[in-house]
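Shown next, in structure tokens, is the structure this report addresses.
Remember, predicted model here, so these are calculated numbers, not experimental data. The sequence lines fix the lettering, A, B, ..., with proteins before strands; numbering per chain opens at 1. Keep in mind that the numbers below use all heavy atoms, side chains included, and drop hydrogens, waters and symmetry copies.
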There are 2 protein chains.
Amino acid sequence: MGTTNGTSRSKRSTIEDVASEAGVSVATVSRAMRGLPNVAISTRAHVVAVAGRMGYTADPAASRLAAGTTKTITVVIPNLSGWYFSTVVAGAEAVCTEAGYDVLVVGIGSQKDLSRILSEQYHLERRTDGLVVIDVAVAPDQADSITQRGVALTSVGSRTAGHPSVRIDNETVGRIAADHLVELGHERLAIIGAQKDNPLSFDVPTLRHRGFIGGLASHGLAVDDVRLEGGNFGVDGGQEAMAALLDHPEPPTAVFSMSDEMAFGAIMELNDRGLVPGRDLSIIGVDDHEFSRVVALTTVRQSVASHGAAAARLLIEAMQPPDGQGAAADGQLAAPIEPAEIVAPIELVVRGSTGRVAQR
Amino acid sequence: MGTTNGTSRSKRSTIEDVASEAGVSVATVSRAMRGLPNVAISTRAHVVAVAGRMGYTADPAASRLAAGTTKTITVVIPNLSGWYFSTVVAGAEAVCTEAGYDVLVVGIGSQKDLSRILSEQYHLERRTDGLVVIDVAVAPDQADSITQRGVALTSVGSRTAGHPSVRIDNETVGRIAADHLVELGHERLAIIGAQKDNPLSFDVPTLRHRGFIGGLASHGLAVDDVRLEGGNFGVDGGQEAMAALLDHPEPPTAVFSMSDEMAFGAIMELNDRGLVPGRDLSIIGVDDHEFSRVVALTTVRQSVASHGAAAARLLIEAMQPPDGQGAAADGQLAAPIEPAEIVAPIELVVRGSTGRVAQR
DNA sequence: CTGAAAGCGCTAACAC
DNA sequence: GTGTTAGCGCTTTCAG
């Protein structure tokens with residue numbers, strides 16, 4: 001008993017099916033389904049009901065082509081494995097899915113991959129409505145080109161000028177670590193994870209380093225004595241760094257590891273040498289990795305999952321059409337609202353890996 | 001100097017632009033770009049060159065609509081955070097991206113979410129060409145409906161009848177653990193992570209359990225003495241389970257933890273009680289988690305990242321058009337090729353957490 | 001408030 | 001081999 005042709009209900013229903021079934025035009029169905037204005041309240045109810053009964057939903061591919069909007073958010077990360085990144089992604093994914101967005105994940109192995117994504121011919125704007133960029137440096141001009149193409153941008157871990165971001169205050173992280181260690185009486189200190197080279201940049205290691213040094217200074221400690229070791233933010237790097245530190249004739253009594261993962265490696269090295277963390281040598285990390293409590297690592301906690309969620313929310317918000325109701329009454333342009341910059345809380349979590357300086 | 005209209009090169013070029021610029025029809029451009037047959041070799045070269053010069057690439061949204069194919073693969077997981085899942089995803093993502101597929105990630109909190117994805121109106125087939133399902137049970141009829149909709153399916157962690165899969169032999173996992181412990185002289189054993197209820201199913205805990213028991217039996221050990229504790233496969237669960245075991249008047253001398261993460265929790269509990277793993281009580285896990293070596297956990301290793309990569313490859317292979325060149329010479333139907341079922345290798349990794357039974 | 005019609009950019013028959 | 005021409009299913013002016 002169909003309206004137009006007698007096709008049985010085997011195929012997936014299209015907007016036309018719904019239109020004829022509801023006795024309205026496709027345009028009306030389209031409006032009704034998307035909550036656009038200019039639809040009689042009763043009409044809308046009817047259409048929605050019919051659509052529901054028929055199990056109709058707009059074909060995403062078709063609406064993408066027609067509307068140029070994708071209902072998709074892309075998460076860009078250096079690599080998916082690794083606790084930090086996957087946790088952030090998990091937080092973001094939950095929010096996006098909840099809001100009806102598909103979540104695309106792309107791993108950026110090298111800076112090259114980034115430019116590929118950003119290149120004209122990748123059709124970024126045809127694939128996604130917004131980008132959540134995690135711990136990837138986006139140059140200002142890249143960022144602008146992204147938004148000019150109609151793609152929203154939010155970063156977590158570092159800020160991108162003019163765009164929303166979620167991050168922690170990395171200098172304070174360093175300062176908290178320094179305070180804690182100094183209060184325990186330590187004076188021979190070292191850092192694992194420091195970026196030895198460019199000491200003026202604004203990247204995470206540098207900021208934490210600066211904060212740490214600053215913290216020491218404010219306690220009247222000489223900052224030149226702090227030994228630095230690199231460490232690629234992985235377990236291996238941490239272990240090697242600690243080994244190097246311990247091989248020195250006069251090893252530190254406390255070390256600040258810029259990530260928990262490196263701290264784990266450092267702790268392994270201590271164990272291997274029969275030293276016990278918190279007694280023979282104090283170590284403090286950053287993150288509060290899920291595993292930190294297993295090895296009783298003192299750390300500066302950040303709640304990574306919530307960072308991802310917050311970033312996703314900012315992004316979704318940024319993607320809402322510029323204005324809803326009251327178009328600026330007077331002729332003034334709406335003041336270019338400052339993009340939200342969330343500085344997430346951090347917190348010292350004291351466990352067994354730090355203790356009073358051992359008297360020698 | 002354009003061919004048709006004088007629009008400057010400001011807008012992204014379409015297939016028509018390329019066609020007129022190359023002096024051929026859009027159909028030819030389409031064929032040439034996609035490597036389809038029936039294009040003169042010289043024409044193809046020319047078209048590709050022109051397209052390259054113009055920075056042209058097919059708009060994904062448009063080709064999805066027209067061709068019904070998405071060049072997108074969807075990874076379905078219980079949750080993204082967690083070492084196991086994120087590692088599998090990382091492996092899959094790398095392969096998919098390499099092959100030119102976009103990677104969609106969807107977290108399945110509950111069984112409900114799965115059915116949502118699978119429901120008609122989600123237009124699964126309009127969003128993705130294939131599914132990699134990680135540790136999610138897909139019912140046979142669900143699986144069939146998926147492929148009937150033209151979406152390929154591969155699972156990792158468990159097999160789905162009639163579809164490619166990547167998994168390990170979980171019974172052997174249990175057996176290896178049993179062998180190791182028995183060889184060290186242990187006789188009072190326990191399992192952490194056992195599924196106490198449905199002992200006949202084919203899920204992972206059950207299989208490992210069965211293998212473990214079987215292994216003991218083949219050494220002539222009574223299987224009824226094995227204490228079972230649940231444990232949700234997380235650190236907390238492992239800790240609680242170990243606590244329960246130790247509170248028993250006659251605690252085991254060795255325990256088989258069905259995952260490394262639970263083993264970590266168990267080790268915490270041992271530490272808290274001043275017991276040392278491998279001396280006072282032996283514990284063996286499964287996975288070879290990246291942190292297992294940090295706590296010297298003996299474990300049955302599986303190489304998780306490669307599982308994800310392998311699954312992605314199987315999927316991509318399965319999505320290739322049924323046949324390329326030599327259509328079956330005689331009238332026979334091509335034998336319905338058995339879907340590949342990869343049983344990945346596992347390996348005992350002995351570290352410090354297991355040792356000879358302590359003499360009391 | 002609603003409908004008609006013109007595309008969105010590409011692919012896939014079908015002719016030549 | 002190559003060109004022509006319908007659509008894919010939806011959104012969006014533009015009239016009423």
Side-chain angles (χ1 to χ4, degrees), chain A residues 3-4 7 11-47 51 54-71 120-123 125-127 129 150 321, chain B residues 3-4 7 11-48 50-51 54-71 120-123 125-127 129 150 321:
Chain A
T3 19
T4 308
T7 40
K11 260 189 69 71
R12 172 177 55 263
S13 47
T14 75
I15 197 173
E16 288 205 60
D17 302 335
V18 178
S20 64
E21 179 75 15
V24 297
S25 73
V26 295
T28 300
V29 174
S30 180
R31 295 191 192 101
M33 295 295 292
R34 291 180 303 153
L36 296 185
N38 292 332
V39 181
I41 184 145
S42 61
T43 312
R44 164 162 297 140
H46 178 223
V47 170
M54 299 177 71
Y56 167 81
T57 294
D59 179 320
S63 43
R64 279 168 203 193
L65 178 57
T69 200
T70 63
K71 268 296 186 178
E120 273 289 298
Q121 52 202 295
Y122 180 73
H123 290 291
E125 67 284 357
R126 282 300 196 177
R127 295 176 197 270
D129 291 348
Chain B
T3 19
T4 309
T7 42
K11 262 190 67 73
R12 173 178 52 264
S13 47
T14 76
I15 197 173
E16 288 205 61
D17 301 336
V18 178
S20 65
E21 179 76 16
V24 297
S25 73
V26 295
T28 301
V29 174
S30 181
R31 294 191 194 102
M33 296 295 291
R34 291 181 301 154
L36 296 186
N38 293 332
V39 181
I41 183 144
S42 61
T43 313
R44 164 163 295 138
H46 178 222
V47 169
V48 169
V50 171
M54 300 177 70
Y56 168 80
T57 297
D59 180 321
S63 42
R64 279 168 204 194
L65 179 56
T69 199
T70 64
K71 266 297 187 177
E120 273 289 297
Q121 53 202 295
Y122 180 72
H123 291 291
E125 67 285 356
R126 283 301 196 176
R127 293 175 197 269
D129 292 347

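Among the nucleotides D:dG9, D:dG1, C:dA12, the one closest to any side-chain atom of A:T14 is D:dG9. Of all nucleotides listed (D:dG9, C:dT2, D:dG1), D:dG9 comes nearest to the side chain of A:D59. Among the nucleotides D:dT4, C:dC10, D:dT12, the one closest to any side-chain atom of B:A66 is C:dC10. The side chain of A:S63 sits closest to D:dT11 out of C:dT11, D:dT11, C:dC8. The A:V26 side chain lies nearest to D:dT11 when the options are C:dT2, D:dT11, C:dA12. For A:R126, taking side-chain heavy atoms from C-beta onward, the closest of the listed nucleotides C:dC8, C:dT11, D:dT11 is C:dC8. The side chain of A:T28 has C:dG3 as its nearest neighbour among C:dG3, D:dG3, C:dT11. The side chain of B:S25 lies closest to D:dG3 when the candidates are D:dG9, D:dG3, C:dG9. Counting only heavy atoms from C-beta on, A:A62 has its side chain closest to D:dC10 among D:dG7, C:dA13, D:dC10.
Checking the phosphate oxygens (OP1, OP2) of D:dT2, a side-chain nitrogen or oxygen of B:T43 falls inside 4.0 Å. Within the structure, a side-chain polar atom (N or O) of B:S30 is placed less than 4.0 Å from OP1 or OP2 of C:dT11. At the phosphate of C:dC10, neither OP1 nor OP2 sits under 4.0 Å from any side-chain N or O atom of B:R34.
In this structure, B:Q121 atom CD and D:dC10 atom P are separated by 13 Å, rounded to whole Å. Spacing between atom CD1 of B:I15 and atom C1' of D:dT4 amounts to 14 Å, rounded to whole angstrom units. Rounded to an integer number of Å, the gap from OH of B:Y56 to P of C:dG9 is 10 Å. Nucleotide C:dA13 holds its P atom 13 Å from the CG atom of B:N38, rounded to whole Å. Rounded to an integer number of Å, the gap from B:K71 NZ to C:dC10 P is 16 Å. When the P atom of C:dA12 is taken as reference, atom CZ of B:R64 falls 15 Å away, rounded to whole Å. Atom P of nucleotide D:dT12 and atom CE of A:M33 are separated by 15 Å, given to the nearest angstrom. Remark: P of D:dA6 and CD of B:E16 are 15 Å apart, rounded to the nearest angstrom.
Residue contacts for B:A27: at a heavy-atom cut-off of 4.0 Å it reaches a base atom on one of the strands shown. Among the protein residues, A:A58 comes within range of the sugar-phosphate backbone only, with heavy atoms under 4.0 Å from sugar or phosphate atoms but none that close to a base.
Of all heavy-atom pairs between A:A19 and A:V29, the closest is CA-CG2, 3.6 Å.
The neighbour count for B:Q121 CD, taken as heavy atoms of other residues, nucleotides or ligands under 6.0 Å away, is above 12.
Interface remark: the A:R31 side chain does form a donor-acceptor pair with the C:dG3 base, using a distance-only criterion of under 3.5 Å.
A:R127 places a side-chain N or O within donor-acceptor distance of the main-chain N or O of A:Y122, the cut-off being under 3.5 Å. Remark: the backbone N or O of B:D129 is paired with a side-chain donor or acceptor of B:T70 at under 3.5 angstrom. Judged by distance alone, the side chain of A:R64 and the main-chain N or O of A:K71 form no donor-acceptor pair under 3.5 Å.
Side-chain contact annotation: A:D59 with A:T14, donor-acceptor N/O pair under 3.5 Å absent.
Mapping B:L65 and B:L36 onto DNA chain C by nearest heavy atom places B:L65 closer to the 5' end of the strand. A residue-by-residue look at A:T57 and B:I41 shows that B:I41 has its nearest nucleotide of DNA chain D further toward the 5' end.
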